[in-house]
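Reviewing the structure listed below.
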Amino acid sequence: MSTLSLLDDIRARIAQAAGACGREPASVALVAVSKTHPAAAVAALLQQGQRHFGENRVQEALDKFPLLRAAHSDLRLHLIGPLQTNKALDAVRGFDVIETLDRPRLSDAIARAAEREGRVPELMVQVNIGDEPQKAGVARAEAEEFIHACQERFGAKLIGLMCIPPAQDDPAPHFRDLAAMAARCGLAGLSMGMSADFEVAIAAGATQVRVGSALFGQRPALASSAH
Ligand SMILES: *Cc1c(COP(=O)(O)O)cnc(C)c1O
């Protein structure tokens with residue numbers, strides 16, 4: 001199947017999932033997760049009007065996107081993988097949205113980088129919604145205090161929350177918990193849902209879904225297990 005028909009299929013499924021709960025299809029942005037896939041695959045989607053892309057590694061994105069950006073000034077690049085503080089400057093330079101703000105030291109590093117660049121990307125706080133020991137994201141018990149501190153510091157640039165529920169769980173209650181937390185904090189943005197569960201996420205209020213394999217096909221096994 002060509003990339004075009006996969007994109008059409010995902011768009012139709014997003015529209016249907018939104019419609020089923022009385023939402024406008026345009027209220028859900030599709031972030032095409034292009035990690036491990038070449039620039040040519042991104043270019044093919046750009047040709048079909050896709051504009052939001054997600055990458056989980058800073059260096060891979062910096063290698064892949066400069067030429068694509070030069071050709072499409074409205075391209076929006078999202079960082080969806082863990083960010084080390086020593087990469088904060090590169091991330092602030094290279095990304096439009098950093099979805100993985102999850103600890104005070106990273107908040108400090110992003111603030112310093114933003115000051116230096118004179119540019120603040122949009123930011124989302126990643127919440128470890130299943131409180132899994134190995135997973136990135138701020139712990140649930142600390143999340144709201146951290147979110148409020150980020151709101152104080154970054155103002156309207158803090159646009160919402162992001163999560164990756166535990167793989168073995170029914171994702172729906174986790175998505176609803178993240179939506180409730182965002183509502184309590186007065187945040188409108190919700191990045192949740194991947195290839196396997198984006199319709200469930202839309203029903204719970206997702207404003208951005210991050211879809212990789214359903215759009216691009218499976219990632220090479222070695223590359224995806226390496227991160
Ligand atoms: C890889 C990745 C995705 C996309 O996953 P698929 O199952 O391929 O759709 C979404 N979010 C994050 C954070 C990822 O790392």
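Remember, it's 1-based here, ligands and their atoms both numbered in the order they're listed.
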#### Entry: Side chain, backbone, both or neither: I80 near ligand 1, heavy atoms under 4.0 Å
both
### Summary
Going by the 4.0 angstrom heavy-atom rule, the piece of L215 near ligand 1 is neither
### Distance-only side-chain donor-acceptor flag, D96 / H78, under 3.5 Å
no
### Query
Do S191 and E99 have side-chain N/O donor and acceptor atoms under 3.5 Å apart?
yes
### Message
Looking only at distances, can you tell me whether any N or O atom of N56, backbone or side chain, sits closer than 3.5 Å to an N or O atom of ligand 1?
### Response
no
Distance filter under 4.0 Å to [X] heavy atoms, resulting ligand 1 atoms:
{"X": "V211", "answer": "9 (O)"}
{"X": "I164", "answer": "13 (C)"}
{"X": "R210", "answer": "4 (C), 9 (O), 10 (C), 11 (N), 12 (C), 13 (C)"}

### Query
Evaluating non-hydrogen atoms only, which member of C163, G212, A136 is closest to atom 4 (C) of ligand 1?
G212
### Query
With V31, which of R51, H52, E55, M194 fulfils side chain to side chain contact (heavy atoms under 4.5 Å, CB included)?
H52
### Message
Measuring from atom CG of L190 to atom CD of Q208, what distance do you get when rounded to the nearest 0.5 angstrom?
### Response
9.0 Å
### Query
In terms of side-chain geometry, is the basic nitrogen of D8 or R13 positioned less than 4.0 Å from the acidic oxygen of its partner?
no
### Query
Can you hop from M181 to F154 via hydrophobic side chains spaced under 4.5 Å?
yes
